[in-house]
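Note sheet for the following structure.
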Amino acid sequence: MPAAKGWIEVNEKYCKGCELCISACPPDVMKLDTSHLTPTGYHPAHVYKDGCTGCAICALVCPDAAITVYREITKVVHATA
Amino acid sequence: MPAAKGWIEVNEKYCKGCELCISACPPDVMKLDTSHLTPTGYHPAHVYKDGCTGCAICALVCPDAAITVYREITKVVHATA
Amino acid sequence: MQKEIIIAGFGGQGVLFGGQVLTYAAMDAGKEVTWIPSYGPEMRGGTANCTIVIAEDEIGSPLVKNPPLAIALNLPSFDKYEGELQQGGTLVVNKSMVDRGPKRDDIKVIFVPCNEIAEEIGDRRLLNMVAVGALLTSLPELSLQDVEQALESHMPERHKNLLPKNFEALQRGYEAAKAQSAGITGQ
Amino acid sequence: MQKEIIIAGFGGQGVLFGGQVLTYAAMDAGKEVTWIPSYGPEMRGGTANCTIVIAEDEIGSPLVKNPPLAIALNLPSFDKYEGELQQGGTLVVNKSMVDRGPKRDDIKVIFVPCNEIAEEIGDRRLLNMVAVGALLTSLPELSLQDVEQALESHMPERHKNLLPKNFEALQRGYEAAKAQSAGITGQ
Amino acid sequence: MVATANNLVYERPVGFTDAPTHYCPGCTHGTAHRLVAEVLEEMGILDKVIGVAPVGCSVFAYNYFDTDFVEAPHGRAPAMATGIKRVLPDRIVFTYQGDGDLASIGMGEIVHSAARGENITVIFINNANYGMTGGQMAPTTLPGMKTTSSPNGRDVETQGYPIRTCELLATLDGSGYVVRRSLHDPKNIRLAKKAIRLAFETQVRGLGFSMVELLSTCPTNWNLTPVESLKFVEDKMVSYFPLGDYKVSQSVAQVKI
Amino acid sequence: MVATANNLVYERPVGFTDAPTHYCPGCTHGTAHRLVAEVLEEMGILDKVIGVAPVGCSVFAYNYFDTDFVEAPHGRAPAMATGIKRVLPDRIVFTYQGDGDLASIGMGEIVHSAARGENITVIFINNANYGMTGGQMAPTTLPGMKTTSSPNGRDVETQGYPIRTCELLATLDGSGYVVRRSLHDPKNIRLAKKAIRLAFETQVRGLGFSMVELLSTCPTNWNLTPVESLKFVEDKMVSYFPLGDYKVSQSVAQVKI
Amino acid sequence: MTRELWEGNQAIAEAAVRAGLEAYFGYPITPQTEVLEYLSRRMPELGRAFVQAESELGAINMVYGAACAGVRVMSSSSSPGVSLMMEGLSYIAGTEIPMVLVNVMRGGPGLGNIAPSQGDYNQAVHGGGHGDYPRIVLAPASVQEAVDLMTLSFDLAEKYRLITFVIADGCIGQMMEPINLPEMRPVVRKDWDWATNGRMGKRERRILTSIYLDPYQEEKANLRLLERWKQAQAEIRYKEYFMEDAEYVVIGFGTAGRVSLSAVRAARQRGIKVGLLRPITVSPFPLGVIEDLVRHLSGILVVEMNSGQMLEDVRLAVRGRVPVQFYGRMGGVVPFPDEVLDEIHRMVSSKGATELNPRDAWYERMVATK
Amino acid sequence: MTRELWEGNQAIAEAAVRAGLEAYFGYPITPQTEVLEYLSRRMPELGRAFVQAESELGAINMVYGAACAGVRVMSSSSSPGVSLMMEGLSYIAGTEIPMVLVNVMRGGPGLGNIAPSQGDYNQAVHGGGHGDYPRIVLAPASVQEAVDLMTLSFDLAEKYRLITFVIADGCIGQMMEPINLPEMRPVVRKDWDWATNGRMGKRERRILTSIYLDPYQEEKANLRLLERWKQAQAEIRYKEYFMEDAEYVVIGFGTAGRVSLSAVRAARQRGIKVGLLRPITVSPFPLGVIEDLVRHLSGILVVEMNSGQMLEDVRLAVRGRVPVQFYGRMGGVVPFPDEVLDEIHRMVSSKGATELNPRDAWYERMVATK
Ligand SMILES: Cc1ncc(C[n+]2csc(CCOP(=O)(O)OP(=O)(O)O)c2C)c(N)n1
Ligand SMILES: Cc1ncc(C[n+]2csc(CCOP(=O)(O)OP(=O)(O)O)c2C)c(N)n1
Ligand code: SF4
Ligand code: SF4
Ligand code: SF4
Ligand code: SF4
């Protein structure tokens, strides 16, 4: 399957900066955004460089369902199918 | 082992006339003594004819440890050995 | 008026049912009535007894210490209730199971060989009915008919066939008691 | 005399230990003292605070509504205790975590950039000691020495190496507060 | 022992007090008691034993053994035994429990005693019903079996399935010796006694939790004669509750008696 | 579903309320919640569900699912679920319990719910300790593992052995579907979700008791980072608590999703 | 309508069924096992829920679940079993949902015996589970009254959302009396605005819990309970006998009350102006009634089958204005009428006065005689 | 001797150890878990028995077993956990053997919260388990007092063979105060003539049980308990503050008592002649002391962290001779001294009088203000 382009949104209402998504991200394009804090006082995760494939692994491992995942492809893969 | 002669004593303080010994007795020489009642109002078991081998099966099955078993032999077999 | 009756004996002697028959009869006769069983400290076997209270209005205590009426179906019960019976009361004793006469002379003791009579009728379990029949001679509040009627209407269908023998048992007990009161005592 | 102190902040800010240091100092100074923690409804994270009561004789309530002294290590605590502080009381505020000035003018508010100072010393966890040092300027009952002595004698062996930095933190906080009281405030 | 004439072959064990039991005629609770008394006597440990009686027909077990005894709340005997054993580790502590007591209300206590590997011995009487309270359904009541609380026969759909306690406890690492035996005939009674002996030996050697489940009768509530009751155990119960060793830890397997 | 550009691949399930959880960062309680919410949503049964929260860190589970919820006394969730299911047989009832709640104080209730074959689903979070009360030893604490009530590491001699709950419940005829899964990596999270789905399908079809045990983390009390915690599960827990299917009744085996 | 002869336990069970009982969860224990046994046949035949739980803990929490679902549910047990329900009862009370528990009390403490007792009065009325929670407690003195109170118990539990107990003893549970049973009420599932029975597309989700991490919220919940408790005062029930001209009064509930009735009758025959007050709701307790009595009485005798538990509630109402005496039997002993009669004589001859605390005075007499 | 700073829960644990505690069985629950955690390290290091039980039911029955063996044994828990121990406690009481239970009470009913509360007073003092049984209940108001009472609790439990509770709350359990710990007492296994610790060739077999099938025997057992209870009256303890010239008195135990102390001091500063009576043994309760007070007082204010439980015991002692008022906070709310001060003012200005029942009056004020 061709590495399709994808992107995610991390909802700072939920993110607790646990880094599980970061360690799980296959292309390794995520890290904590130490530049600011969430309302509950955590550094949120974010994609800091190109390469997100929209594989949704991050969302799959996120205990707080903080991540929404999109990608530009023609086939839908459900995150947890 | 030669069928040695044996005999038993049924302690009427304990016997409740449940008949378990009677049905277990190999030579089938026991029955309830309907001629009288124990202090607690049961017909006690007793050996009513010859043939007791002193095998102690009756004592083994007696829930109330009412039976004492003797026999004339030269080898001791413990009831539940 | 209020009458208390205690029926006592061994577990298997139909003590409780004997009392229930009287209770049904009293209820059908439109009276207030209570029936309460009590088992000895022993959980099984041992002695059982029940207390019946028959009255015209709301019944207080369902238990009494010194009843005017009692049935003793075995020796321990005879020993116990002969002592506790009210002065002038009546005690029906199952002669078949006791080997002594009365100690008190301020109560009326009626001896009835319940077991024998029951066995004559052909069902040793009926010894309780024999005793109840005997008691009725001293219980004006209830007639033999009341009790027979009660048996008739409350005995479960499957046992209805036993009615005739029950009636007979009641009758025989009643007569035995009458006879004895009439002086022809079984002693 | 009796003095009550409340120290409040986020879970991780060393609120409870900061209070315990004062408590040990008071105990060693032969005073009666109580220390009691309280965690917000939230079981974890959230705000934590503790109340210290220092007195000459038997202490009644270990909790107070309007303390004369308080330390607020974060904004929510500042908001809360600025409101509840006793008239004329003193509130030490961790300037590093608040972005506003005082609302009340009937209390003394001492702003100390605890985080910055602690980081300058080289251990951000020492921010609580900086604040405690500052508070001492308004707690005549306990001297800087008393508190240092308490740290010395009660800090577990394995942490003794941290003593110098703790002392420094106390000092710096004390001076920062003095300086400010002297008018050279950080605002 | 030198053999003489007129030899005594069997007499009532001294570990068994001279009080007649209150059990119904033919109830094998008595048999189980007798076997335990014989074992304790043969091992010469009567003196060190503290028994824990349950709530159930055997609530008065304390009257029948010539040892110290306590009486536990319904189902809690293993917890009480734990308390005793922990403060008197050199004493021999055993519980005697029915199936309602052990497998119903006492499930939590028995599982955790086994999981902890408590050095106690449990004599577990499985008579497929609640005897003392008048024959209600127990966790061990067979499917379809009529009891006073399953008047139309146990309906597994609504009343569930019987619990096989040995199999369940065998899954626990703390279990040292967990076996099922039966009291329905001489041969099985002999095997039962051997197992009881091994269970106590397990405790004496500190090899962990030991339990002997004994298939037992309740003639009164089964409405069968004592003899018919033994047949019921043999024909109906043994098939549902297979006899055998469910857990014999390696160290226990070494034990030679 | 027709594919379009800018396609949404994953978003927070609607069954999950919009309340942020109170769980510590990286605690996989959240993951378990999310999977349950996804399954209930996918099965379209949110509307019929009544959840039973335990006492434990997940005591507030009722805040996070868009379904009716009740909160049970410590360990009694299966009994409450039984009460609800028996009077509302057409509703879907599940409990969510920790290992202290289910395997320690609640052992009696879980065993008997399974034995009865109650048509309920149990989500069982095994995090090897008592999280909420500050990390005391649980029945699932590994041998040698340090907790606040086994400060020198769990000593199996005095504190007993961990309980393998699935293995234990699998011995009961009433169990329809009893499996163990883990939440330590994407693959296992997918398998966990499948199992949760099958567990609820078991209930929907009335095939008896279903339970999914999930190996989970407690970074806070383990004193590990969330990432290290996943590693601990993978390296230490999985070997003691093997993943797999411990009971899949014939009828459940037929179920096709 | 013809009367039928029923055993108390079975009558209680059938009365509950006719009151619309939808679910029963229990565990066998003498002397109430007949309730469970009766319902094990009756409930299934009506297609209603019956489960013999693994324990009383299981039973009370099954009740908790079914109560959350909004149905009429009950359990029954006897003293030791009820003690095991204390945590669950506190939870149910804290969740503010209705349920009924029948306690057929037996001799205690501990395993004790199966004889009639009133030793659990304090547990039922005052202490019991942890925390503050009011409860309604009904105490029947006859099989008919027990039958009537079963219907009432469900109605009150639902009306006030307070947990409700019916406390009896083996005497009432195992006695047979002629009774009139109520008509069978149809089972109507009220659609409570609090029941957690699934959204079913009709509403927002609901939560039932007893947790309030914020003490101020918990205090509010406590106040809600007290408010309903205040309203429940309207439900006070009691029965008076021979009170018109009474100068002395005997106060007793349940079996002790009916035993006292015999004694009071006997005393009346001897010309003693004594009456009987038999509380039927022991919680809420008829304090007001006693307040009024106090004005024109010379003495009160409290009779119980315990060591003097309701006695203290009576004394709180009397507050020293009238001498109060006590007679109790414990551990499963049921007093005979003549014992109570003796006490009435003692009270009258002593003009009701007693130097000591009535409990201490009673204790002295007990050790002297027993 | 130098004072050490200890947290209440840990101090309680260490004090028990020094009092010769030989075995501890417990289950974690906030806010007393530190007792268990502390002992999980301390007991094994001393070679004494420690078991984290599977539940509070397990714990109390392990305690029961160890108590039968005749050793000093205790458990500790908090409200919901204590409710689960009610059956076991009744058995232990009925078996007439000593044991100590610490209840660090929390807000309830139900799961409630972990904040300080006194909601279990009635459970501890009056109701609780089934059947009649007296118990000794000690209520410390400070860490030092808690420490001192631990030793006393074991001594009393053994002296009277009555079960003994120490009731505290999260405030005392989690507060730190400087204390003096008692010397370590050597563990002496007294050779009780009742302990079931094996015949060991020395004696006849012994049986410990709470069953008395014959009600008359059970009644005798109940009377034995009452006899020891009578003797235990000698152990009543309380502390008085500012009582010499007091015209009004505040009565409160534990935390409510020490909070009241602050209020009483403040009132004194305002010239109000008010004192404080702080019961230390709430069971046996200092009734006699209050009897005496009543003679020369104008009003009593009872302060509790519940809806008025000890209040009724005070009222039983007062019996209407002096106006009694009540102030309580519930569900884990700890009153501040100024709240109590306001109540003192109210009492004084109203000359102590209150038209309503003090509880009703308090309730009205609560709903009005809260
Ligand atoms: C807490 C509690 N619940 C219930 C009872 C009533 N009860 C006494 S014995 C018993 C069951 C006994 O059955 P089992 O354990 O199988 O022993 P068996 O009588 O069959 O030998 C019950 C439920 C009790 N005493 N205590
Ligand atoms: C009867 C009772 N006992 C003890 C407690 C205290 N308590 C609350 S949560 C908990 C253990 C929770 O551990 P677990 O079930 O493993 O869930 P986790 O917090 O680890 O998710 C305990 C013991 C309680 N609330 N009620
Ligand atoms: S896994 Fe979720 S909570 Fe954790 S850092 Fe990533 S987005 Fe944030
Ligand atoms: S087995 Fe024992 S009790 Fe039964 S009849 Fe024979 S001797 Fe009597
Ligand atoms: S009831 Fe059953 S178990 Fe109990 S003694 Fe009788 S036969 Fe044995
Ligand atoms: S304490 Fe442990 S289990 Fe509880 S929320 Fe935190 S990490 Fe999760």
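The figures here come from the full heavy-atom set of this structure, side chains too, leaving out hydrogens, waters and symmetry mates. Residue numbers start from 1 in every chain, and the chains themselves are labelled A, B, ... in the order their sequence lines are given, proteins ahead of strands.
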Pair Tyr27(G)-Gln52(G), side-chain donor/acceptor within less than 3.5 Å: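 No, no side-chain donor-acceptor pair sits under 3.5 Å.
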Pairing donors with acceptors under 3.5 angstrom, does anything connect the side chains of Thr147(F) and Thr141(F)?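 There is no such pair (donor and acceptor under 3.5 Å, judged by atom type) between the side chains of Thr147(F) and Thr141(F).
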Between Tyr133(G) and Arg135(G), is there a cation-pi geometry (under 6.0 Å to ring centre, at most 45° from the normal)?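 Ring-cation test returns yes.
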Could you look at [X] and say if it's the side chain, the backbone, both or neither that has a heavy atom under 4.5 Å from chain F?
X	answer
Val73(G)	neither
Val63(G)	neither
Ala195(G)	backbone
Tyr64(G)	both

For chain G, find which of Leu46(F), Asn63(F), Val93(F), Val55(F) contributes the most heavy-atom pairs closer than 4.5 angstrom.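 Winner by heavy-atom pair count: Asn63(F).
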Who among Val52(F), Thr82(F), Leu88(F) has the most heavy-atom pairs with chain G under 4.5 Å?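 Option with the top pair count is Leu88(F).
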Structural part of [X] lying under 4.5 Å from a heavy atom of chain G:
X	value
Arg91(F)	side chain
Ser113(F)	neither
Ala77(F)	neither

Do the charged groups of Arg164(F) and Glu213(F) touch, with an N to O distance under 4.0 Å?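 No, this pair does not count.
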Any salt bridge between Asp66(F) and Arg199(G), counting N to O under 4.0 Å?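 Counted as a salt bridge, because a side-chain N and a carboxylate O are separated by less than 4.0 Å.
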Checking Asn61(G) side chain against Met80(F) main chain: does a donor-acceptor pair fall under 3.5 Å?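 Not a single qualifying donor-acceptor pair exists.
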Test item: Asp68(F) side-chain N/O and Gly198(G) main-chain N/O as donor-acceptor pair under 3.5 Å: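 Yes, Asp68(F) side chain to Gly198(G) backbone: donor-acceptor pair under 3.5 Å.
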If you count heavy-atom pairs within less than 4.5 Å of chain F, which of Arg48(G), Glu87(G), Lys202(G), Glu204(G) leads?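 Greatest number of close heavy-atom pairs with chain F: Glu87(G).
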